[in-house]
Amino acid sequence: MNQTFDLHRFVLTVQLEIAEKGKNYLLIASLLLVLLLLLMAPVGLSTEYSNIKELLHILALFMIVLFGSSLYSSFAFSQYASPATGIAAIMVPASATEKFLSSLFLNLIFVVPFALLFYKMHVGTVEYANLRLPTGSRKFHTIPEMPLRYSFLFYFIINGAAFLGSLFFQKASYVKTASTLVGLYLVTGIIHISLASYFTDYPAKVVSFPISNWQVWTHGDVSGKGAAMAATYFTVDFPPTLFILLQCFPAFIVLVLWIASFLRLREKEI
């Protein structure tokens, strides 16, 4: 078995991947695109503001972009899911590096453009709809910058996890990967909120997500002693240097997931 990287073999491996999975990839991509259009169309065709239509538009980010796209990534190494196709995949005369990079290449040429497509469609649809609304009426809103940036950071983590899960789990990889990822996120979120509450002396409410700032609402003075103090709101931001490092942390996680996928593939190849 070849262990070195050769560009010509890499191109042939990519062509083989397309020949074997091209129809499934195209079907999933078409399905996701149609669902994305269906959720965005109500806003684009609106002549008056509607909360339900705006909610459907926002759901496109969470239901289609974040979770739907990971269905595509879960097919990255589906050939290793059964002994019959797995043996055939191992016998392909290409190195593990070439097989890994070919799957990663096909994954990225979908994942990256799909995220950009959603962003362009989201902003363009809202702007077009607002132009059609009567002057002075309530307008549709784009997703705020912080949640949108936060979602795109985790978008690549989710797809990286699905990419690894397609190789790590032999059966029901998508379900097992999603369950594991949701469980880890919930545990991390609970620990994060608990720490934020502890360091802000347990205020009335704290809203925060991992690697994001803290939004804090304090209790007002209701004891009647002394001057009345109204409840206040403030944010706790990270120092600029730490904030930049935290924004790079998801990229580090994705890199770790890719490395783990490559090491797992090498184990399969042995």
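Start at 1 with the first residue, then count along the sequence.
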So, taking the atom named [atom1] in [X] and the one named [atom2] in [Y], what distance separates them when rounded to the nearest 0.5 Å?
X	Y	atom1	atom2	result
E17	L101	CD	CG	11.5 Å
Y128	M40	OH	CE	15.5 Å
I158	L153	CD1	CG	11.0 Å
L71	S166	CG	OG	11.5 Å
N24	L27	CG	CG	7.0 Å
I143	L61	CD1	CG	4.5 Å

Any [X] side-chain heavy atom under 4.5 Å of [Y] side chain:
X	Y	value
N159	Y155	yes
F110	S73	no
V11	Q15	yes
Y49	S137	no
L16	L12	no
F262	T97	yes
Y174	F75	no

Indicate if [X] and [Y] have the same hydrophobic cluster label, given that clusters are the connected sets of ILVMFWY residues with side-chain heavy-atom separations under 4.5 angstrom.
X	Y	answer
V256	F156	yes
Y150	I190	no
L148	L116	yes
L31	Y72	yes
L164	F249	yes

Centres of the F67 and F62 rings: under 6.0 Å?
no

Are F77 and F163 close enough that their ring centers fall under 6.0 Å?
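Centroid separation for F77 and F163: below 6.0 Å.
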
Quick one: do the T232 and T218 side chains pair a donor with an acceptor below 3.5 Å?
yes

Check whether more than 12 heavy atoms from other residues, nucleotides or ligands sit under 6.0 Å from atom [atom1] of [X], and answer yes or no.
X	atom1	value
F168	CZ	no
L131	CG	yes
Y119	OH	no

Heavy-atom closest pair, residues [X] and [Y]:
X	Y	result
L181	A161	CD1-CB, 4.0 Å
S46	K53	OG-CD, 3.0 Å
A196	V206	CB-CG1, 3.8 Å
V43	H57	CG2-CB, 3.7 Å
S261	F100	CB-CE1, 3.9 Å
I18	L106	CG1-CD2, 3.9 Å

Hey, mind stepping through L133 and F140 against side chain to side chain contact (heavy atoms under 4.5 Å, CB included) and telling me if it holds?
CA-CA 9 Å; L133 299 181; F140 290 104; 3.9 Å; yes

Could you pull out all residues at least two apart from F152 that satisfy ring pair (Phe, Tyr, Trp, His ring centres under 6.0 Å)?
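F152: no ring pair (Phe, Tyr, Trp, His ring centres under 6.0 Å) contacts found.
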
Donor-acceptor under 3.5 Å ([X] side chain, [Y] main chain):
X	Y	result
T177	A162	no
S197	S194	no
K21	A76	yes

Is there a side chain to side chain contact (heavy atoms under 4.5 Å, CB included) between L32 and L36? Walk through the geometry before answering.
CA-CA 6 Å; L32 293 176; L36 195 63; over 6 Å; no

What's the verdict on ring pair (Phe, Tyr, Trp, His ring centres under 6.0 Å) for F114 and F118, showing C-alpha distance, side-chain angles and the deciding distance?
CA-CA 6 Å; F114 189 66; F118 166 78; 8.0 Å; no

Verdict with reasoning, M121 to L37, per side chain to side chain contact (heavy atoms under 4.5 Å, CB included)
CA-CA 9 Å; M121 290 180 62; L37 289 172; 3.2 Å; yes

